Amino acid sequence: HITEDTSDLLQHVKFQSSNFENILTWDGRPESAPDTVYSVQYKTYGEEEWLEKEGCQRITQKSCNLTMETSNLTELYYARVTATDGAGRSATKMTNRFSSLQHTSIKPPDVTCIPKVRSIQMIVHPTYTPIRAQNGHQLTLENIFQDLLYHLKLRINHTYQMHLEGKQREFEFVGLTPDTEFLGTIMICIPNLFKESTPYMCRVKTLPDRTWT
Amino acid sequence: GLKTLHLGSCVITTNLQGIRSGFSEIRDSVQAKDEIIDVRILRKTQSLQGTKPADQCCLLHHILRLYLDRVFKNYQPPDHHIFRKVSRLANSLLTIKKDLRLCHAHMSCPCGEEAKEKYSQILSHFEELPPQAVVVKALGELDILLQWMEEA
Amino acid sequence: DGVAVLPAPQNLSVQSTNMKHVLTWSPVTVPEEIVHYSVEYQGEYESLYTSHIWIPSIWCSPTQRPECDITEDITATVSYSLRVRATLGSLTSTWSTLKHRFNQNSTILTPPGMEITMDGFHLLIKLEDLGPHFEFFVSYWRREPGAKEHIKVVRPGVLPVYLETVEPGAAYCVKARTFVKAIGRHSAFSPTECVKVQGEALPL
């Protein structure tokens, strides 16, 4: 009995997670027949049962949103995909063990940069995640990561930088020259898990000084 | 910076971030070797933060001893790269265990019934599995133990 | 196993500065031959629990030079045992083991190199980048009686970093030291550097 190699039907089954939005993705054969369908299951590490993900049974696209199913931050998860082509050949592949706390990447923060005459104010807005507390409230990144802090840099005409850092959401770079352009970069840092977001960048110009005009 | 662990009246500081960084480098390859995914050794019902503070030090002390005596000792790394990373973890956890032993010497690491009960449950999960498989599983679950310590 | 007729390396010692650790030994010389060396290490864990196991150094198994950068082998703050042997073709010496175990908490921490400059009325500092282990604590104050000393944690980088907006005519002083989290130790402070700000002092 020769078992046919069907591994080409399915590759790279993995979670792509950012800000706790957990999407299962995979690749099929480069020229996979349009009639290849995919079915997704998931399970909690340490439990026996695989559960079928409703809405991702016999689908043709190559991704499935498992955010709600993998939203318990203290659990670890697996997911697997079964691909079946028109000729009835099938292949099943599983992800690595997934922990959203460890694996999620952090998106740039949402920031408002407000130029003044001799300073620039930066207000960081909270980042809400799909994770909900027991009382149903949506959690922010700050709620989830106790050691989260913001790191801000202001570059002054390519010669030096000003740094500010802290857990608060309002920052102000002071002592600046009026009517001058600056480049600000703001990152979310989570030291304990050595996570750092890609930076939010804002280019702003301080207001002209009209006090003597 | 350094993480301060408050385990009842035993307070120690440790470079938990460095240990987590070391483990994250081998996590996927170690966990991929654990094929028994229906079973978990370190379960939530025995977690540190679910244990009363007075017993946390003793529970952690026993868990670390289990890792040092029976996991790292019997783990067979597939290559030198993993071997060095595991050595770093073993030596880092050894420093924590030595700090807990100091607490023990200063009578600030008592072993109450809760600690004994939870540790014996962990041990029974550990001993249910075949020797080489359990070593791989336990090593793969270090992120659970580190998260427990993070929240202590 | 090669017959050990090759002399074992002698005079092993470790020089460690700012968390860079180098093991050195006296070379084994054989006329017109190139001798290679292999370095292995044991952490405290291995010595206590698996004493028969030695780990090959990441960069020096083998090496031709009578020294080895063991910085990436020493990855925990415990005492390490180190050993070296020489090989020449099939000939292999016995192992030589470092007399005293090495712990990275004995590393010499030097005061950081720093450069103080001004840009207009902005006081700037540029710090020597010593690697990922290091944090920099910078103290600065206005040079006048009773002046308050400010302390800032500064990340080294390519560009100088802003410290303070200063006043014309005043003088300001700065010093810095490093902190290494892994071993919980500070360096000594760098020599204090003071700068005088251009312009007339503001009327009181």
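Note on naming: letters A, B, ... go to the chains in the order of the sequence lines (proteins, then strands), and numbering restarts at 1 for each one. All values derive from a computational prediction rather than experimental measurement.
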Using a 6.0 Å cut-off, check whether atom CD of A:Gln168 has over 12 heavy atoms from anything other than its own residue. yes

Step by step, work out the side chain to side chain donor-acceptor pair (under 3.5 Å) result for A:Gln102 and B:Arg20. CA-CA 10 Å; A:Gln102 293 174 63; B:Arg20 282 181 96 122; 5.6 Å; no

So, are A:Glu75 and B:Lys44 salt-bridged, with charged N and O less than 4.0 Å apart? yes

CG/B:Leu146 to CG/A:Asn192 distance, rounded to the nearest 0.5 angstrom? 11.0 Å

Near A:Gln61 CD, under 6.0 Å, is it more than 12 heavy atoms from other residues, nucleotides or ligands? yes

So for B:Ser24, is it side chain, backbone, both, or neither that comes closer than 4.5 Å to the heavy atoms of chain A? side chain

Please check if the number of heavy atoms outside A:His137 that lie under 6.0 Å from its NE2 is greater than 12. no

Heavy-atom distance under 4.5 Å to chain A: side chain of B:Gln31, backbone, both or neither? both

Rounded to the nearest 0.5 angstrom, the CZ-OG1 distance for B:Arg40 and A:Thr44 is 9.5 Å

Under the criterion side chain to side chain contact (heavy atoms under 4.5 Å, CB included), I'd like the reasoning laid out for A:His103 against B:Arg27: C-alpha separation, chi angles, the key distance, then a yes or no. CA-CA 11 Å; A:His103 289 104; B:Arg27 176 185 51 217; 3.5 Å; yes

Surrounding NE2 of A:His151 (heavy atoms of other residues, nucleotides or ligands, distance under 6.0 Å), is the total greater than 12? yes

d(A:Thr95 OG1, B:Asp28 CG) to nearest 0.5 Å is 10.0 Å

Pair A:Arg97 + B:Asp34: basic N to acidic O under 4.0 Å: yes

Side chain, backbone, both or neither of A:Glu47 within contact of chain B (heavy atoms, under 4.5 Å): backbone

Value rounded to 0.5 Å, distance of CD in B:Gln147 from CG in A:Leu193: 6.5 Å

For residues B:Asp38 and A:Lys43, determine if any side-chain heavy atom of one lies less than 4.5 Å from a side-chain heavy atom of the other. yes

More than 12 heavy atoms of other residues, nucleotides or ligands under 6.0 Å from OH of A:Tyr128: is that the case? no

Under 4.5 Å from any heavy atom of chain B - which part of A:Tyr45: both

OG of B:Ser29 to CG of A:Asn96: how many Å apart, nearest 0.5 Å? 9.0 Å

B:Ile144 versus chain A, the contacting section by heavy-atom distance below 4.5 Å: side chain

What part of B:Arg43 is in contact with chain A, defined as an atom under 4.5 angstrom from a non-hydrogen atom: side chain, backbone, both or neither? neither

